[in-house]
Amino acid sequence: MKTVKINIIFHSIYGHIYQLALAEAEGAKEAGAEVMIYQVEELLPPNIIEAMHATEAKKAFAHVPVATLDNLSEADGIIFGTPTRFGMMSAQMKEFLDSTGPLFAKGALAGKVGSVFTSTQTQHGGQESTILNFHTVLLHHGMILVGVPYTIPELSYMDKISGGSPYGASTITGSDGRSISEIELKIARAQGKRVAEIAKKLSV
């Protein structure tokens with residue numbers, strides 16, 4: 001059985017999505033996958049990033065290479081991460097996806113596993129709608145959607161506010177820079193592992 005290749009492609013401003021991407025990678029590697037992490041090109045100029053007080057946060061993942069279309073076509077499974085913007089993906093991620101027309105024309109992503117994770121500032125900030133809106137693009141490409149089943153016990157955790165749904169992992173950032181909880185990280189790891197496992201089964 002070949003080693004499956006899972007690419008994680010994200011957009012992040014303050015680093016929450018990057019941290020979830022690392023957790024997703026841990027899960028995929030646990031399942032025996034070859035994993036690479038990429039970020040989409042940032043469209044905001046440095047002065048706007050500075051005004052958002054995100055310059056230091058951005059430095060933490062400045063070393064991550066910028067995604068190309070080849071990073072999509074070469075993978076057996078792709079996990080996308082985006083912050084929520086009014087219940088939808090960020091403009092930076094949308095711009096990258098809008099550039100995938102050549103892949104769509106060739107059906108290059110059809111049959112590949114696709115999955116999505118996200119973040120919001122508030123508990124009801126549009127996590128589920130963002131992932132579901134994102135799924136529309138993946139379905140147009142003919143990808144096989146993978147979420148997080150309720151066999152993952154952390155999805156039913158009720159003692160504290162937490163992100164995560166059957167659609168995908170997520171975190172609630174808060175307005176005070178809330179740290180990602182261990183529950184949210186466990187869901188992200190489980191998602192990464194599941195994507196790799198299903199990609200492996202499909203590659204047989």
Side-chain angles (χ1 to χ4, degrees), residues 7-25 35-73 75 78-104 109 114-138 140-141 161-165 167-181 184-185 187-188 191-192:
N7 284 347
I8 300 170
I9 298 178
F10 74 92
H11 173 242
S12 189
I13 293 289
Y14 296 103
H16 296 88
I17 291 295
Y18 173 57
Q19 292 176 56
L20 284 180
L22 294 177
E24 297 271 353
V35 183
M36 290 295 294
I37 301 177
Y38 302 93
Q39 60 179 318
V40 300
E41 184 177 2
E42 181 56 71
L43 303 179
L44 296 176
N47 64 309
I48 298 299
I49 296 294
E50 179 66 30
M52 296 172 70
H53 307 290
T55 301
E56 288 303 311
K58 279 281 196 180
K59 290 179 181 179
F61 48 92
H63 64 284
V64 178
V66 173
T68 67
L69 296 187
D70 287 341
N71 301 139
L72 297 175
S73 58
I78 309 161
I79 308 174
F80 298 90
T82 177
T84 294
R85 296 290 184 264
F86 302 103
M88 294 178 283
M89 71 182 77
S90 68
Q92 291 87 335
M93 180 61 73
K94 183 62 164 58
E95 192 275 340
F96 176 70
L97 293 176
D98 282 347
S99 74
T100 60
L103 299 181
F104 174 79
L109 304 186
S115 200
V116 185
F117 61 95
T118 190
S119 66
T120 55
Q121 184 175 347
T122 60
Q123 184 180 4
H124 303 294
Q127 296 182 8
E128 295 183 359
S129 65
T130 296
I131 294 176
L132 290 172
N133 285 329
F134 206 124
H135 282 172
T136 304
V137 179
L138 306 189
H140 274 258
H141 274 289
I161 292 175
S162 179
S165 76
Y167 312 114
S170 58
T171 185
I172 303 163
T173 66
S175 58
D176 57 352
R178 171 184 178 269
S179 298
I180 300 176
S181 72
E184 293 166 337
L185 291 173
I187 294 171
Q191 182 176 4

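Position 1 is the first residue of the sequence; numbering continues from there.
- Scanning both residues, Ala188 and Leu20, for their nearest heavy atoms gives CB-CD2, 3.9 Å.
- In this structure, Glu24 CD and Gln19 CD are separated by 13.0 Å, a value rounded to the nearest 0.5 Å.
- Among all heavy-atom pairs drawn from Gln191 and Ser115, the shortest one is NE2-OG, 2.7 Å.
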Which donor-acceptor pairs under 3.5 Å do side chains of residues 59-68 form with protein atoms, sequence neighbours excluded?
{"unit_1": "Lys59", "atom_1": "NZ", "unit_2": "Glu56", "atom_2": "OE2", "d": "2.9"}
{"unit_1": "Thr68", "atom_1": "OG1", "unit_2": "Asp70", "atom_2": "N", "d": "3.4"}
{"unit_1": "Thr68", "atom_1": "OG1", "unit_2": "Asn71", "atom_2": "OD1", "d": "3.3"}

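- Under the 4.5 Å side-chain criterion, counting only non-hydrogen atoms from C-beta, Ile9 is in contact with Leu72.
- Annotation: the span from Ser179 atom OG to Leu185 atom CG amounts to 10.0 Å, rounded to 0.5 Å.
- Heavy atoms from other residues, nucleotides or ligands lying under 6.0 Å from CD1 of Ile161 number 12 at most.
- Taking CD1 of Ile8 as the start and CD1 of Ile78 as the end, the distance is 11.5 Å to the nearest 0.5 Å.
- Listed here is the closest heavy atom pair of Tyr14 and Ala54: CE2-CB, 3.6 Å.
- Considering only heavy atoms from C-beta on, Leu97 comes within 4.5 Å of Phe134 through its side chain.
- Every residue two or more places apart in sequence or in another chain that forms a side chain to side chain contact (heavy atoms under 4.5 Å, CB included) with Leu44 is listed here: Ile13, Glu42, Ile48, Ile49, Met52, Gln92.
- The two residues Ser170 and Gly164 make their nearest non-hydrogen contact at OG-N, 2.6 Å.
- Side-chain contact check for His140 versus Thr136: some heavy-atom pair is nearer than 4.5 Å.
- Across every non-hydrogen atom of Ala25 and Ile37, the tightest pair is CB-CD1, 3.9 Å.
- Rounding to the nearest 0.5 Å gives a distance of 6.5 Å between CZ of Arg85 and NE2 of His11.
- Between the side chains of Thr118 and Gln127, no donor N or O sits under 3.5 Å from an acceptor N or O.
- Partners of Ser119 by side chain to side chain contact (heavy atoms under 4.5 Å, CB included), not counting sequence neighbours, listed by chain and number: Ile17, Pro83, Thr171, Thr173.
- Residue Phe96 holds its CZ atom at 10.5 Å from OH of Tyr38, rounded to the nearest 0.5 Å.
- Separation of atoms CD (Gln123) and CD1 (Ile172) is listed at 5.0 Å; rounding is to 0.5 Å.
- Every residue meeting the ring-ring contact (aromatic ring centres under 6.0 Å, His included) condition with His141, not counting sequence neighbours, appears here in chain and number order: Phe104.
- The salt bridge (charged side-chain N to carboxylate O under 4.0 Å, His left out) pairs that include a residue from residues 114-137 number zero, where partners must be two or more places apart or lie in different chains.
- Taking 4.5 Å as the limit, every side-chain heavy atom of Met89 sits out of range of all side-chain heavy atoms of Asn133.
- The environment of Lys94 atom NZ is sparse: at most 12 non-hydrogen atoms of other residues, nucleotides or ligands sit within 6.0 angstrom.
- The side chain to side chain donor-acceptor pair (under 3.5 Å) check on Asn47 picks up nothing, with sequence neighbours excluded.
- Residue Thr130 is tested with Thr84, Thr120, Val116 for a side-chain contact (heavy atoms from CB on, under 4.5 Å); the sole match is Thr84.
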